[in-house]
Number of protein chains: 2
Amino acid sequence: MQNNLDFLTRFLVDQYSFPAEETLLLSKFKRVNVKKNCLLLTSGEVCQYAYFICNGCLRTYFIDGKGEEKTRYIAFENKFVSAFASFITQAPSAECVQALEDSELLRIRQADFYQLVDTNAIFSKLYRQSLEQAQVIATWRIETMISMTAKERYENLLERMPQVVLRLSNKHVASFLGITQESLSRLKKKG
Amino acid sequence: MQNNLDFLTRFLVDQYSFPAEETLLLSKFKRVNVKKNCLLLTSGEVCQYAYFICNGCLRTYFIDGKGEEKTRYIAFENKFVSAFASFITQAPSAECVQALEDSELLRIRQADFYQLVDTNAIFSKLYRQSLEQAQVIATWRIETMISMTAKERYENLLERMPQVVLRLSNKHVASFLGITQESLSRLKKKG
DNA sequence: TAAATTTTTTATCATTTGTCAATGTTTGAT
DNA sequence: ATCAAACATTGACAAATGATAAAAAATTTA
């Protein structure tokens, strides 16, 4: 159904001057609705899809040496999410992809995605800009981790990505900050 | 001089099937030789150049809230280095770029770089793959920071980027790991 | 609505890491 | 070769964060 793609179309038209009449190009995207906590990819699987978030929230996480879940990335509406390393290389993924809210997603297969990127100038630019933006976010995360205390990181997150704190549980916020729930609980109290 | 570009040409031919006869495309790259500790970009400046390392080592770092230098990125031979965020946006850079060894570099202006990327399929692919690779490295750094102790991060670094430990001072290794020199010194002793 | 499960808070104690100061050691310039 | 500056190590102590356990609160499920 064409109008399943309204979210993505509007996003592309608004943000990337995508020609509205070329929505046929988007036919490789399929709508997927998932419940909160739904696992879209588990570790060990090869990541077949990239997801565009129309509504909701996704995270990527991994299990560390002590068996604890650690959240590497969180995204909300109008972002693409995937287990990058696996999606790019088609090797088994160390990371899992999970919905943290009931979510309306559009997914595209890896091969279709790269075909679009390789044959369509707008998609090529979109992908490049997505990678550049991902780099800026990753740089921010690294900077906070090597230069701030847990408290400073929390306050910084509240400024830079308030949605994370407002929409998600402390458990997931703590996991994203790289600290325990207990530490986060204390930080918030001391305020 | 054409043969100033031998390093880059060889790299592109070997790694990216670059047609050896098209080295004219590389004429926008200029050779720069710098001494250890040379600052190629200071914070507040707009990053004009991307650097390809023929020989030597570059880092990007910033000054944190307490006035301490924190190293976000380190690269050796055959890598491109830039203050990404500023290079992409042409806004003043928070980061500095510095040589950590006497280095032989090739630099290219931002506009020339993007022109190459936009007009040449191989450069476009090269840039995309560089961004993807940067994402994989950034992901690794984030993962280590949110899931490992300083000791574990050090051992992991020794495995994954031994050059950092072997070629650079403890001061810079500690800065890259996000810990103090004193902590690093103790970690190495207990090892 | 009640019970079960999950999440959050609180407290105590252990461990890791940072801070500061003093002392060796290396490096680089003259 | 000598001196000065930068770097590395060590020790004592402080601060931040983790681990564990228990209780309180919130959420989900039946």
Side-chain angles (χ1 to χ4, degrees), chain A residues 34-39 56-57 59 61 63-71 74 98-103 144-158 164-191, chain B residues 34-39 56-57 59 61 63-71 74 98-103 142-158 164-191:
Chain A
V34 296
K35 287 279 172 203
K36 183 174 174 175
N37 295 325
C38 176
L39 268 179
C57 174
R59 71 161 175 162
Y61 71 93
I63 310 292
D64 76 5
K66 288 169 215 128
E68 316 246 330
E69 291 181 5
K70 300 287 178 175
T71 301
I74 292 174
Q98 183 184 36
L100 294 185
E101 298 175 346
D102 294 353
S103 302
T144 62
M145 300 296 299
I146 63 180
S147 71
M148 295 182 186
T149 64
K151 179 120 193 287
E152 292 166 336
R153 291 206 300 281
Y154 173 72
E155 284 158 0
N156 180 269
L157 182 65
L158 210 45
V164 170
V165 179
L166 298 174
R167 286 166 64 168
L168 305 182
S169 69
N170 278 357
K171 185 184 163 189
H172 290 133
V173 175
S175 171
F176 187 68
L177 288 171
I179 60 178
T180 61
Q181 302 175 53
E182 292 91 339
S183 292
L184 178 57
S185 189
R186 263 171 289 179
L187 295 182
K188 289 173 82 166
K189 199 168 67 160
K190 282 188 208 156
Chain B
V34 296
K35 287 276 171 205
K36 183 174 174 175
N37 294 326
C38 174
L39 268 178
C57 174
R59 70 160 175 162
Y61 71 94
I63 311 291
D64 76 5
K66 289 170 214 127
E68 316 246 330
E69 291 181 4
K70 300 288 177 173
T71 302
I74 292 174
Q98 184 184 36
L100 294 185
E101 298 175 345
D102 294 353
S103 301
I142 294 167
E143 285 179 357
T144 62
M145 299 296 300
I146 63 179
S147 71
M148 294 183 186
T149 64
K151 180 123 193 287
E152 291 166 337
R153 291 206 300 280
Y154 173 72
E155 284 159 359
N156 181 268
L157 182 64
L158 209 47
V164 170
V165 179
L166 298 175
R167 285 165 64 167
L168 306 182
S169 69
N170 277 357
K171 186 185 162 190
H172 291 133
V173 176
S175 171
F176 187 69
L177 288 172
I179 60 178
T180 61
Q181 302 175 52
E182 292 93 335
S183 292
L184 178 57
S185 191
R186 264 169 275 170
L187 293 183
K188 289 172 83 165
K189 200 167 68 159
K190 281 188 209 156

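Note that the structure is a prediction, hence the values are computed from the model and not measured. Sequence lines set the chain letters: A, B, ... in the order given, protein chains first and strands last, and positions in each chain run from 1.
Distance alone, capped at 3.5 Å, places no donor-acceptor pair between the B:Arg153 side chain and the B:Thr144 backbone. The backbone N or O of B:Arg59 lies less than 3.5 Å from no partner atom in the side chain of B:Gln98, so there is not a single donor-acceptor pair.
A:Lys188 has its NZ atom 9 Å from the C1' atom of C:dT8, to the nearest Å. Here C:dG18 presents its C1' atom at 10 Å from NZ of B:Lys70, a figure rounded to the nearest Å. Rounded to whole angstrom, the span from the CZ atom of B:Arg153 across to the P atom of D:dT17 amounts to 13 Å. One interatomic measurement links the two molecules: CZ of B:Arg167 to C1' of C:dT27, which rounds to 19 Å at whole-angstrom precision. A straight line from NZ of A:Lys171 to P of D:dT27 spans 15 Å, rounded to a whole angstrom. In this structure, CG of B:Leu168 is placed 16 Å from C1' of D:dA6, rounded to the nearest angstrom. Taking atom CD on A:Gln181 and atom C1' on C:dT7, their separation rounds to 7 Å, with Å as the unit. Summarising the geometry, the separation between CD on A:Glu182 and C1' on C:dT7 is reported as 11 Å, rounded to the nearest angstrom.
Of all heavy-atom pairs between B:Thr71 and A:Ile146, the closest is O-CD1, 3.4 Å.
Between A:Asn170 and C:dT9, a side-chain N or O to OP1/OP2 separation shorter than 4.0 Å is present. OP1 or OP2 of D:dT10 sits under 4.0 Å from a side-chain N or O of B:Lys189. In this structure, B:Ser183 reaches the C:dG18 phosphate: one of its side-chain N or O atoms is under 4.0 Å from OP1 or OP2. Between B:Thr180 and C:dT17 there is no side-chain N or O to OP1 or OP2 distance below 4.0 Å. Of the side-chain N and O atoms in A:Ser185, none sit less than 4.0 angstrom from OP1 or OP2 of C:dT8.
Under a 4.0 Å N-O distance rule, the pair B:Lys151/B:Glu155 qualifies as a salt bridge.
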Next item on the list: Assess whether side chain to side chain donor-acceptor pair (under 3.5 Å) is satisfied between A:Ser169 and A:His172, documenting all intermediate values.
Entry: CA-CA 5 Å; A:Ser169 69; A:His172 290 133; 3.3 Å; yes

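The base of C:dT19 sits within donor-acceptor range of the side chain of B:Arg186, with an N or O pair under 3.5 Å.
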